[in-house]
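Everything on this sheet refers to the single structure shown next.
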Number of protein chains: 2
Amino acid sequence: MAKRQKVPAGKPDYVKELSKAGIRVTRPRRVIIDILTETDDHPDAMEIFRRAVQVDKSISLSTVYRTMKLLEGFGAIHRHAFGSGPARFENAAGEHHDHLIDLDTGDVIEFKSDRIEALQAEIAQALGYDIVHHRLELYGRKKASG
Amino acid sequence: MAKRQKVPAGKPDYVKELSKAGIRVTRPRRVIIDILTETDDHPDAMEIFRRAVQVDKSISLSTVYRTMKLLEGFGAIHRHAFGSGPARFENAAGEHHDHLIDLDTGDVIEFKSDRIEALQAEIAQALGYDIVHHRLELYGRKKASG
DNA sequence: GGATCAGTTGACAATCATTTGCAAATCAAC
DNA sequence: GTTGATTTGCAAATGATTGTCAACTGATCC
Ligand SMILES: [Mn+2]
Ligand SMILES: [Mn+2]
Ligand SMILES: [Zn+2]
Ligand SMILES: [Zn+2]
């Protein structure tokens, strides 16, 4: 029986996808992609860089930024701008969702509302537009009671 | 009959508000506040600076930035981050609304949906949070049809 | 396996938006 | 008008991101 590699659910094989598109799969890129596919938080470039260096001492911050731009172009990752500060990234593989940011702790909580998504499309339609993408962020505090 | 100054609807008297709060109402601040209350678009700091210079040649960009921070702290203006690029500001006086950005032209269209606002609060509540503020931006293109 | 060469990288300079330090100017109060 | 703390303009500093470029390295073809 021939060996068959199976990509784990939610972790599409971007490496294969890139090489299919004629883009080189280099060592730094592989390391960065691994970090992005294995994390479930929203790290910024510096944090991705820190994690990458632990795998490959020679990776540079420039390459992290370049790779983020490359992957974003591919739709492989999403770029966020929570509050102020540096851009933060996340693997685009999972289902679409929006974010609730805890103003006290900085925690990012993911949520999804089909009703809100539908209303957004409805509103855009009424204004004569098709939505390409959107950004919904709620900033809040834990309810007083806990 | 005593002269009674009436603030035009949607243009609260921030000048008075500031001086009441013990903050100096200086010439540069007055100029900048006037610009913000008289415009209905979403200018960035450089654009506000350009408009301010036409009124008072000596105003500096630093003061524009400082005044934006001051007014934001007062809740007098909102700071936006549409797409990438510099922050953009708008007078907070009007009713709350969200934005649809035309990806082709950069046009910013304002809209308001009570249903979306209600859903947001509902979602936050379900997650154990009270919303302090939120950001909803739709990015889209004019529907193909004319 | 080794040569080839365009795509990619690391180092570091440059850019962009924004903030800060500081001496001089200016408000608001007396 | 004098006064003293606040605010300003200027220039230098900062933080995030992008650009330059010589050196390197993957994929392809022998
Ligand atoms: Mn997320
Ligand atoms: Mn607006
Ligand atoms: Zn959404
Ligand atoms: Zn809203």
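Quantities reported herein were computed from a predicted structural model and do not represent experimental measurements. Here is the naming used below: chain letters follow the sequence lines, and residue numbers restart at 1 for every chain. Side-chain atoms are counted along with the backbone in the values below, which use heavy atoms only and exclude waters and symmetry mates.
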Looking only at non-hydrogen atoms, find the nearest pair between B:G75 and B:A92 and report the distance.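 The answer is O-CB, 3.4 Å.
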Minimum heavy-atom distance between B:I59 and B:V64, given as atom pair plus value: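 Looking at all heavy atoms of both residues, the closest pair is CG2-CG2, 4.4 Å.
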Group every Ile, Leu, Val, Met, Phe, Trp and Tyr by side-chain heavy-atom contacts under 4.5 Å, then state whether A:L71 and A:L61 land in the same group. yes
Salt-bridge contact B:R50-B:E47 (side-chain N to carboxylate O under 4.0 Å): yes
Does a side-chain N-to-carboxylate-O contact under 4.0 Å join A:E122 and B:R115?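 Yes, this pair counts.
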Looking only at the side chains, is there a donor atom on one of A:R51 and A:T39 sitting less than 3.5 Å from an acceptor on the other?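 Judged by distance alone, the side chains do pair up.
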Spacing between [X] atom [atom1] and [N] atom [atom2], to the nearest angstrom:
| X | N | atom1 | atom2 | value |
| --- | --- | --- | --- | --- |
| A:F49 | D:dT18 | CZ | P | 16 Å |
| A:M46 | D:dG15 | CE | P | 11 Å |
| B:L61 | D:dG9 | CG | C1' | 11 Å |
| A:I33 | C:dT8 | CD1 | C1' | 14 Å |
| B:K57 | D:dG9 | NZ | C1' | 14 Å |
| A:D56 | D:dG26 | CG | P | 10 Å |

Return the orientation label for the A:Y139 and B:H133 ring planes: parallel under 30°, perpendicular over 60°, tilted otherwise.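 Answer is parallel, since the angle falls under 30°.
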Partner of B:R141 by side chain to side chain donor-acceptor pair (under 3.5 Å), out of B:D102, B:T105, B:D104: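 For B:R141, the side chain to side chain donor-acceptor pair (under 3.5 Å) test succeeds with only one of B:D102, B:T105, B:D104, which is B:D104.
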Which of these, A:R88, A:E137, A:E90, sits in a side chain to side chain donor-acceptor pair (under 3.5 Å) with A:H99? A:E90
Provide a list of protein-nucleic acid N or O atom pairs under 3.5 angstrom, restricted to nucleotides 12-14 of chain C.
from: C:dC12; atom 1: N4; to: A:S62; atom 2: OG; distance (Å): 2.8

Contact residues, residues 64-77 of chain B to DNA chain C [heavy atom, < 4.0 Å]: B:Y65, B:R66, B:K69
Any idea which of C:dT18, D:dA16, D:dT8 is nearest the B:R29 side chain?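 Within the option list, the nearest is D:dT8.
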From C:dT18, D:dT8, D:dA16, nucleotide with atom closest to B:T63 side chain: D:dT8
Determine, stepwise, if the pair B:H96 / B:H78 fulfils ring pair (Phe, Tyr, Trp, His ring centres under 6.0 Å). CA-CA 10 Å; B:H96 167 76; B:H78 292 315; 7.5 Å; no
Do B:L138 and A:R135 touch side chain to side chain, with heavy atoms closer than 4.5 Å?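 No - every pair of side-chain heavy atoms lies 4.5 Å or more apart.
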What nitrogen or oxygen pairs link the protein and nucleotides 26-28 of chain C at under 3.5 Å?
from: C:dT26; atom 1: O2; to: B:R24; atom 2: NH1; distance (Å): 3.2
from: C:dC27; atom 1: O2; to: B:R24; atom 2: NH1; distance (Å): 3.3
from: C:dC27; atom 1: O2; to: B:R24; atom 2: NH2; distance (Å): 3.0
from: C:dA28; atom 1: OP1; to: B:V25; atom 2: N; distance (Å): 3.1

